[in-house]
Amino acid sequence: MAKPTVTILGAGVTGVATAWYLSQAGFDVTVIERHHAPAMETSFANGGQISVCHATPWANPATPLKALKWLIRPDAPLLYRPTLCAEQWRFLWRFLKECTHTQADANLVALVSLGLYSRTALLALIDKLNLQFEQRHQGILHFYTSHTEYQNAIAPTLLMQELGCHRTLLSPKQATDTEPALSSLGDGLIGATFTNQDLSGNARLFTNELAKHCAANGVSFIYNTTITNIHRQQNAISHLSLNQHGQNITHQSDHYVVCLGSYGKRLLDAIGVDLPIFPAKGYSATYRVKDPACVPQVSLIDDEYKLVMSRLTSDDDKLRVAGTAEFNGYNTNLNLIRCQAITNRVQALFGDVLDYDEPNYWTGQRPMTPSNVPLIGKAYLGLIWHGRHGQNIDNLWLNTGHGTLGFTHACGSALALSLLMQGQTPPLAFDFTGIKIPALRTGMSSL
């Protein structure tokens, strides 16, 4: 009996993880990617954290006021550039509706549930395949330089503890004992939260290593190929139109999985599937380490500047610093003001222990949903939302909208989707799209 065929659209970290788990489940898998290799866009140079226990939603009651204060600052951690794009304003309205205590708590529950499931899957995969991707298991420390923000972190920390996260509150001394490099903050360090079970690593390297294992297990990768159209006939996808080396060709499969990040929305708009996704442009800077003893060993989150920091050590010693969000449509040009703001903050924190002469700057589009909760499950006509279902498209599946947590949630999302595609219910409290299963959380948006 022939294996069922499935085509995965996109070879980022989520797409490649999906390819792995579906191939292990007995599907004949093909991955289509417009670049020449995996992980060339959002997964290329991101912050590198597997941040389960610090994954609080961006949409929370404090965010709107902060965003207003940052509106006129070109170097603001969160920058919203208003345009005439109706898609941008719809996203903003939906985002604001998620900024209530009830919604933020419900979304946090979903993110933590998926994150714990995903981290377990990732660790099992590392052991099974002996994956090496500059991973470090020293944990993640989130430090605060504002009394108000530290106090605001207490309630989410307690909730995460109830949900199974080993996240603890630290005094300034406990924080500097855990990561001595923070002693440079002096009295400016108010406190921290820490989890010793989260980890960090190089997402691009992870994706490429996993892609090699996929290929060895029979997954076909079609590179340098653009998906120009997806064609629907009634309640099913009939075929894809592709452009490969300037030639227009068609491609058919039994199933299709969309893992295209921010770019899946416009492709699916054409067939009546409305993804509530908008790109959040993020930045990173990678610095060569000059003084290894004085650079953080623990992966960090800088609350005030919304930056994450991860040590990457393989061929050479580097510090990757990533973060900020710019809602500016699909623009991928580097904004040097925002790049320099990252360098200024890092230099203020750690001084001359890094080489600032030639930082490697990068920018990429994160696929954000208003709630920060990704869209995993079956596609249907109309607006897609968690726990909803409508007129299903029988052979079209979604694994997208992970925002800043693509690396964190990649393995769990892919494993869960592979179970759904086999007719099983994944064992986690999460509302999958287009699947009629009992509701697992409350406080859902009524968009």
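Counting begins at 1 with the first residue of the sequence. Note that this is a predicted model, so its numbers are computed, not measured.
- Judged as a side chain to side chain donor-acceptor pair (under 3.5 Å), the pairs with a partner in residues 408-417 (not counting sequence neighbours) are, in order, H402-S413.
- Applying the side-chain hydrogen bond (donor to acceptor under 3.5 Å, both in side chains) test to N243 and every residue at least two apart in sequence or in another chain returns N248.
- Across T332, N331, T363, a single residue satisfies side chain to side chain donor-acceptor pair (under 3.5 Å) together with K281, and that is N331.
- Looking at R311 and E134, no side-chain N of the basic residue comes within less than 4.0 Å of a carboxylate O on the acidic one, giving no salt bridge.
- The side chain to side chain donor-acceptor pair (under 3.5 Å) contacts involving residues 175-192 comprise K173-D177, where partners must be two or more places apart or lie in separate chains.
- Between the side chain of T400 and the backbone N or O of L260 there is no donor-acceptor pair closer than 3.5 Å.
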- Could you walk me through whether H251 and T7 pass the side-chain hydrogen bond (donor to acceptor under 3.5 Å, both in side chains) check? CA-CA 9 Å; H251 176 86; T7 297; 2.7 Å; yes
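- The cationic atom of R338 (NZ for Lys, CZ for Arg) does not lie both less than 6.0 Å from the six-membered ring centre of Y361 and within 45° of the ring axis.
- Qualifying side-chain hydrogen bond (donor to acceptor under 3.5 Å, both in side chains) partners for T42, counting only residues two or more places apart in sequence or in other chains: none.
- Enclosure of atom NE2 in H137 by more than 12 non-hydrogen atoms of other residues, nucleotides or ligands within 6.0 angstrom is indicated.
- Not a single donor-acceptor pair under 3.5 Å links the side chain of N107 to the backbone N or O of D105.
- Once rounded to the nearest 0.5 Å, the distance linking CG of L116 with CG of L163 reads 7.5 Å.
- Residues S23 and N217 bring no donor and acceptor atom of their side chains to less than 3.5 Å of each other.
- No hydrogens or angles considered: nothing links the side chains of T195 and R167 as a donor-acceptor pair under 3.5 Å.
- Under the ring pair (Phe, Tyr, Trp, His ring centres under 6.0 Å) criterion, F407 pairs with F206, sequence neighbours left out.
- Annotation: side-chain hydrogen bond (donor to acceptor under 3.5 Å, both in side chains) contacts of T225 (sequence neighbours excluded): Q244.
- A donor atom on one side chain and an acceptor atom on the other are found under 3.5 Å apart for T145 and E304.
- Counting only distance, with no hydrogens or angles, the side chain of S253 and the backbone of Y256 share no donor-acceptor pair below 3.5 Å.
- Residues H166 and N196 bring no donor and acceptor atom of their side chains to less than 3.5 Å of each other.
- Atom OH of residue Y150 and atom CG of residue D303 lie 12.0 Å apart, to the nearest 0.5 angstrom.
- A salt bridge does not link D431 with R388: none of the charged nitrogens is closer than 4.0 Å to a carboxylate oxygen.
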- Message: Would D254 and T5 count as a side-chain hydrogen bond (donor to acceptor under 3.5 Å, both in side chains) here? Give the steps.
- Response: CA-CA 5 Å; D254 295 328; T5 57; 3.2 Å; yes
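- Atom NE2 of H147 is surrounded by 12 or fewer heavy atoms from other residues, nucleotides or ligands within 6.0 Å.
- Remark: the backbone N or O of G364 is not paired with any side-chain donor or acceptor of Y283 at under 3.5 angstrom.
- Between R288 and E358 there is no salt bridge, since no side-chain N of the basic residue sits under 4.0 Å from a carboxylate O of the acidic one.
- Side-chain contact between I126 and F133 is present, with heavy atoms from C-beta onward closer than 4.5 Å.
- Remark: the R136 side chain and the Q297 side chain contain an N/O donor-acceptor pair separated by less than 3.5 Å.
- A donor-acceptor distance shorter than 3.5 angstrom exists from the side chain of S310 to the backbone of G47, with no hydrogens or angles considered.
- Ion pairing of D352 with K290 is absent here, as no side-chain N (NZ or NE/NH1/NH2) approaches a carboxylate O to less than 4.0 Å.
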